[in-house]
*Asks:* 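Handing you this structure, nothing more for now.
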Amino acid sequence: MGLFTLIADQMAAVDRRLKEVLEQHNPVVREVSDYLQEASGKRLRPALVLLAGQFGQAPAVASDLLDVASGVEMIHMATLVHDDIIDEADMRRGIPAVRSKFSNPVAVLAGDFLFARAFQLLSATGRPEIVNLAADVVYVMSTGEISQHLDQGKIASEAAYWRRIEAKTGHFLEACCRLGAVASRAPQSVQDALGRYGHHIGLAYQVIDDLLDWTADPERLGKAVGEDIAAGIYTLPVIHGLETPEFRAPLKAALEQGAESVDAVRELLVESGALAYCQRRAGEHLQAAREALAEVSSGPERQALEDVAEFIGVRDH
């Protein structure tokens with residue numbers, strides 16, 4: 001991805017650091033670790049840490065920044081492994097999920113291993129504020145996932161949806177930006193502005209993700225269209241469609257038919273304007289993210305973050 005040219009060397013260093021930290025003598029753990037690294041995605045979270053770190057005033061803490069970026073990626077990997085267990089997902093980004101490739105017990109332990117190694121890295125910085133920020137991420141995401149699991153099969157309100165994705169994605173990407181700024185000792189005003197930026201791109205990212213569940217090419221997306229519905233998870237497109245009076249009854253009837261009615265549900269979401277509504281709401285959050293960036297100094301660092309916001313708005317997988 002050409003987005004991260006500014007930090008290309010640091011991103012390569014993150015990959016090397018992950019390989020080094022996850023290298024294990026235990027053959028099973030080593031096999032799982034290697035598989036997870038091969039299956040990793042866009043590396044958005046460590047990239048945000050590194051880009052936010054460019055606004056700091058302490059180049060001597062480059063090693064801290066690298067450890068923080070690697071740590072947040074391991075936290076992300078751990079949550080995906082555990083999410084797939086909870087969702088009973090067989091695939092992750094087009095390849096077998098860890099639980100499918102190995103087993104549920106191995107996947108649970110692999111997630112725990114990743115969390116432990118992540119916090120070892122973060123604590124090695126010797127800065128409690130960094131560890132506290134990262135721990136808060138895990139706490140907030142965990143409470144959000146518990147709420148989502150308890151609501152599985154229930155049609156949530158739009159307000160509940162926004163609360164859920166704030167916990168799931170908004171808070172995490174906000175923390176990534178804050179962690180980079182904190183690690184490089186950026187001024188508090190910069191930490192706050194970058195935190196707001198991360199929060200809004202996180203919300204936009206998740207809305208687009210939920211939109212792509214209905215509109216993307218399944219092969220590029222790495223999962224089937226309408227997979228959230230099959231799992232009993234109702235996201236913004238469906239929630240908004242059900243709140244449109246003339247489409248409520250036919251959409252509800254189609255949803256009750258389960259996975260067999262995915263095409264019918266998608267057509268109703270298009271006709272009701274629900275998909276267009278989601279695109280518009282994502283755009284509002286991306287605009288709010290850009291406004292937050294206006295509060296930090298201009299330069300290649302800010303342009304790189306603006307490019308990330310642009311990418312999120314147009315991505316197709």
Side-chain angles (χ1 to χ4, degrees), residues 10-50 63-125 127 130-146 148-149 167-169 171-176 178-180 183 202 205 222:
Q10 290 171 291
M11 289 292 283
V14 167
D15 285 339
R16 291 192 298 271
R17 189 74 171 116
L18 287 169
K19 187 173 182 61
E20 172 192 332
V21 171
L22 296 178
E23 181 67 29
Q24 294 293 311
H25 296 296
N26 183 297
V28 176
V29 177
R30 183 169 61 248
E31 185 180 1
V32 175
S33 297
D34 290 346
Y35 184 75
L36 283 167
Q37 290 175 80
E38 290 173 9
S40 61
K42 303 176 182 68
R43 296 272 200 263
L44 175 61
R45 288 154 186 82
L48 289 175
V49 172
L50 295 173
S63 61
D64 283 357
L65 197 60
L66 181 62
D67 281 348
V68 172
S70 302
V72 300
E73 180 64 6
M74 283 191 285
I75 290 172
H76 178 53
M77 292 164 68
T79 62
L80 295 182
V81 171
H82 284 172
D83 284 353
D84 287 341
I85 299 167
I86 294 166
D87 298 338
E88 299 183 350
D90 294 324
M91 304 293 289
R92 164 66 63 179
R93 299 190 178 113
I95 66 173
V98 172
R99 63 175 294 272
S100 302
K101 173 74 174 176
F102 300 94
S103 66
N104 276 341
V106 168
V108 170
L109 295 170
D112 293 347
F113 166 76
L114 287 164
F115 277 129
R117 293 298 277 144
F119 278 94
Q120 283 179 328
L121 266 188
L122 295 165
S123 63
T125 65
R127 299 181 59 187
I130 287 175
V131 179
N132 288 341
L133 264 172
D136 191 54
V137 165
V138 178
Y139 164 73
V140 171
M141 282 197 301
S142 297
T143 56
E145 286 293 337
I146 290 170
Q148 177 173 299
H149 186 67
K168 182 177 182 179
T169 312
H171 187 73
F172 197 173
L173 297 197
E174 174 181 345
C176 288
R178 285 190 179 276
L179 281 164
Y205 189 95

*Asks:* Residues in side chain to side chain contact (heavy atoms under 4.5 Å, CB included) with H171, at least two apart?
*Replies:*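 D136, V137, V140.
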
*Asks:* Applying side chain to side chain contact (heavy atoms under 4.5 Å, CB included), name anything that partners E145, two or more places apart in sequence or on another chain.
*Replies:*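 Side chain to side chain contact (heavy atoms under 4.5 Å, CB included) check on E145 returns D83, Q148, K168.
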
*Asks:* Considering all heavy atoms of both residues, which atom of L65 and which atom of V49 are nearest to each other, and what is their separation?
*Replies:*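 Nearest pair, atom of L65 first, then V49: CD1-O, 3.8 Å.
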
*Asks:* Within this structure, what is the CD-CG distance for the pair E174 and L179, rounded to the nearest 0.5 Å?
*Replies:*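 Interatomic distance, E174 CD to L179 CG, rounded to 0.5 Å: 10.5 Å.
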
*Asks:* Looking only at non-hydrogen atoms, find the nearest pair between A107 and V81 and report the distance.
*Replies:*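 Closest approach of A107 to V81, heavy atoms only: O-CG1, 3.1 Å.
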
*Asks:* At what distance, to the nearest 0.5 angstrom, does CD of E73 lie from SG of C176?
*Replies:*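 These two atoms lie 9.0 Å from each other.
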
*Asks:* Over all heavy atoms of both residues, which pair between G144 and A167 is shortest? Give the atoms and the distance, please.
*Replies:*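 Closest heavy-atom pair between G144 and A167: CA-CB, 3.8 Å.
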
*Asks:* If the condition is side chain to side chain contact (heavy atoms under 4.5 Å, CB included), which residues does S100 pass it with, not counting sequence neighbours?
*Replies:*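 Partners of S100 by the side chain to side chain contact (heavy atoms under 4.5 Å, CB included) criterion, ordered by chain and then number, come out as D90, P96, A97.
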
*Asks:* Heavy-atom distance under 4.5 Å between the side chains of Q10 and L66, does that happen here?
*Replies:*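 In short, these two side chains do not touch, never coming nearer than 4.5 Å.
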
*Asks:* Just to verify, what does H82 make a ring-ring contact (aromatic ring centres under 6.0 Å, His included) with, not counting sequence neighbours?
*Replies:*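 With sequence neighbours excluded, H82 shows a ring-ring contact (aromatic ring centres under 6.0 Å, His included) to F115, given in chain and number order.
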
*Asks:* Suppose we screen for ring-ring contact (aromatic ring centres under 6.0 Å, His included). Which residues come up paired with F113, at least two apart in sequence or across chains?
*Replies:*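 Here no residue qualifies.
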
*Asks:* When rounded to the nearest 0.5 angstrom, what is the spacing between CZ in F172 and NE2 in H76?
*Replies:*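 Answer rounded to 0.5 Å: 7.0 Å.
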
*Asks:* Out of curiosity, R43 CZ to L50 CG, how far, rounded to the nearest 0.5 Å?
*Replies:*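 These two atoms lie 11.5 Å from each other.
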
*Asks:* Drop me the distance from R178's CZ to L173's CG, to the nearest 0.5 angstrom.
*Replies:*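 It comes to 13.0 Å.
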
*Asks:* Please list, chain by chain and in numerical order, all residues satisfying side chain to side chain donor-acceptor pair (under 3.5 Å) with T125, sequence neighbours excluded.
*Replies:*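 Listed in chain order: nothing, the list is empty.
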
*Asks:* Could you pull out the closest heavy-atom pair between V32 and A110, with the gap in Å?
*Replies:*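 Where V32 meets A110 most closely, the heavy atoms are CG1-CB, 3.6 Å.
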
*Asks:* Could you list the residues that satisfy side chain to side chain donor-acceptor pair (under 3.5 Å) with R17, not counting sequence neighbours?
*Replies:*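 Listed in chain order: E20, D67.
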
*Asks:* Under the rule for salt bridge (charged side-chain N to carboxylate O under 4.0 Å, His left out), what residues qualify as partners of D84, not counting sequence neighbours?
*Replies:*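 By the salt bridge (charged side-chain N to carboxylate O under 4.0 Å, His left out) rule, D84 matches R92.
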
*Asks:* Looking at CG of L114 and CG of L22, how far apart are the two atoms once the value is rounded to the nearest 0.5 Å?
*Replies:*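 One gets 6.0 Å once the value is rounded to the nearest 0.5 Å.
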
*Asks:* Could you give all pairs that pass the side-chain hydrogen bond (donor to acceptor under 3.5 Å, both in side chains) test and reach residues 101-119, with sequence neighbours left out?
*Replies:*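 Sorted pair list: R99-N104, R117-Q120.
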
*Asks:* Holding to side chain to side chain contact (heavy atoms under 4.5 Å, CB included), I want the full list of residues that pass it with A134, two or more places apart in sequence or in another chain.
*Replies:*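 Partners of A134 by the side chain to side chain contact (heavy atoms under 4.5 Å, CB included) criterion, ordered by chain and then number, come out as I75, F119, L122.
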
